[in-house]
Amino acid sequence: MKIASWNVNSLNVRLPHLTQWLADAQPDVVALQETKLEDAKFPVDALAAAGYRAVYAGQKTYNGVALLARADTQPAFADVVTDIPGLDDPQRRILAATVGELRVVDLYVVNGKAVGDEKYAYKLDWMARVREFLAAELERHPNLVVLGDFNICPDDRDVYDPVAWGEDILCSPPERAALKAITELGLHDSFRLFETDAGHFSWWDYRQAAFRRNMGLRIDLILIGEALKPRARAATIDREPRRWERPSDHTPVTLDLDI
DNA sequence: ATGGTGGGTCTCCCA
C-alpha cells in the first residue's frame, strides 16, 4: 500500500489539486494538514466521488487535519482520536485512526514563528506532549505510522543553505532534540531508509522564486515503527503538484509499504 | 536586517 502526507494550505483552494493527485498517484491512505475548514464544510462528497472515505478535525482559518483512505481497498476508520489526552487545545493539529492493520497519526506540528517567541514555547511543549501520546500509541499499536508537517528539519541535509539558516526556527537544537526524542521511541524517518543525500525538500517558500531555485526544506515526514521497517519498499517526494498553477507551498511525500 | 508571496474571519494574522 501507498501512504502519503500533504500540507495542502487550504483544502478549499487545493481540492482540485488533491483530486487530481489522488487520481494520478492512487495512494491508499493520505494525511492532510492545514485544511483550514470547519468540519461542516469538509468536502466529504467530492472525496467520496474520488473514491475516498475521510475523517477530519478542522477549524476556521487555521490548522485542520484529515485522513483519507481508499474506499475500495481499505476498511472504515476505527478508534479515531482528535486530541492529545489531557491537553485542552482548540488548535486542530492531531488526528489518529486505525485503518486495517495500520495505526496512523497525522500531525500538523506548531510552526513556532521564531526562537524565543511564545509560539516557540508552545511548540516545544506540544512536541513533548505528542511524544508521550506516541509512546502510548506505540505500546498499543506496533504498526504505527506518524506522518505530517513536522515544521522541523531533521538535520542539515534537509536545509537548502544550512549555514544561512543556522539555528533559526525549524532548525534550532531544541526543536531537533524534540523530534529526536520522538524518533528515539523507535520511529524511523522512512525517507532516510532510502535516500541519504542532501537536497531533497518537501516545502519551498512562495517568495523569492524559492521552488525554481530549489531553496527548500524537508519538513514533511513519514515515521514508521520498528515493526513496519522491514515492510518499507520506497519513499518519494512528489514535486509535480508544486509545479501546478496556484500550488500549495508543500508537496506530497509518500511511502510504499508491503502490507 | 528586511522583505518578498499566499491563505483566510482579509488593510491584519499566520505561515
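Below, read A as the first sequence line, B as the second, and so on, with proteins coming before strands; counting in each chain starts at 1.
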Arg242(A) CZ to dT5(B) P, straight-line distance once rounded to whole Å
13 Å
Where the side chain of Tyr206(A) is concerned, which of dG6(B), dG8(B), dA15(B) is the nearest nucleotide?
dG6(B)
Compare the minimum distances between each of dG7(B), dA15(B), dT9(B) and the side chain of Lys60(A), then state the nucleotide with the smallest one.
dT9(B)
Which part of the nucleic acid, if any, lies within reach of Tyr108(A) when heavy atoms closer than 4.0 Å are counted: base, sugar-phosphate only, or nothing?
sugar-phosphate
Say we look at dA15(B) and dG3(B): how far apart would their C1' atoms be, to the nearest angstrom?
15 Å
Ring center gap for Trp6(A) and His250(A) short of 6.0 angstrom:
no
Look at Arg218(A) together with Asp155(A) and state whether they make a salt bridge at an N to O cut-off of under 4.0 Å.
no
What is the distance, rounded to the nearest whole Å, between atom CG of Asp205(A) and atom P of dG4(B)?
12 Å
Nearest of dG7(B), dG6(B), dA15(B) to any side-chain atom of Arg246(A)?
dG7(B)
Closer than 4.0 angstrom, basic N to acidic O: yes or no for Asp28(A) and Lys2(A)?
no
Passing option when Asp149(A) is tested against Asn111(A), Asn9(A), Asn7(A) for side-chain hydrogen bond (donor to acceptor under 3.5 Å, both in side chains)
Asn7(A)
Measure the distance from CD on Gln59(A) to P on dC13(B) and round it to the nearest whole Å.
17 Å
Rounded interatomic separation in angstrom, taking CG from Asn63(A) and C1' from dT9(B)
14 Å
Earlier contact from the 5' end, DNA chain B, for Arg14(A) and His250(A):
Arg14(A)
Side-chain contact check for Gln208(A): nearest option of dG3(B), dT5(B), dG7(B) is dG3(B)
From CG of Asp168(A) across to P of dT2(B) the rounded distance in Å is 13 Å
Selection from dA15(B), dG7(B), dT9(B) that lies nearest to any side-chain heavy atom of Lys119(A)
dA15(B)
How far, in whole Å, is dC14(B) from dT9(B) if one measures between their P atoms?
14 Å
With a 4.0 Å cut-off, would you call Asp156(A) and Arg176(A) a salt bridge?
yes
What integer number of Å spans the C1' atoms of dG6(B) and dT11(B)?
16 Å
Rounded to whole Å, CH2 of Trp203(A) lies from C1' of dG7(B) at a distance of 14 Å
Taking OH from Tyr62(A) and C1' from dG6(B), how many angstroms apart are they, rounded to a whole number?
14 Å
Using the C1' atom on both, measure dT2(B) against dG7(B) and round to a whole Å.
22 Å
Relative to the 5' end of DNA chain B, which residue comes earlier, Glu34(A) or Thr61(A), by the nucleotide with the nearest heavy atom?
Thr61(A)
Atom CG of Asn9(A) and atom C1' of dG6(B) are separated, to the nearest Å, by 7 Å
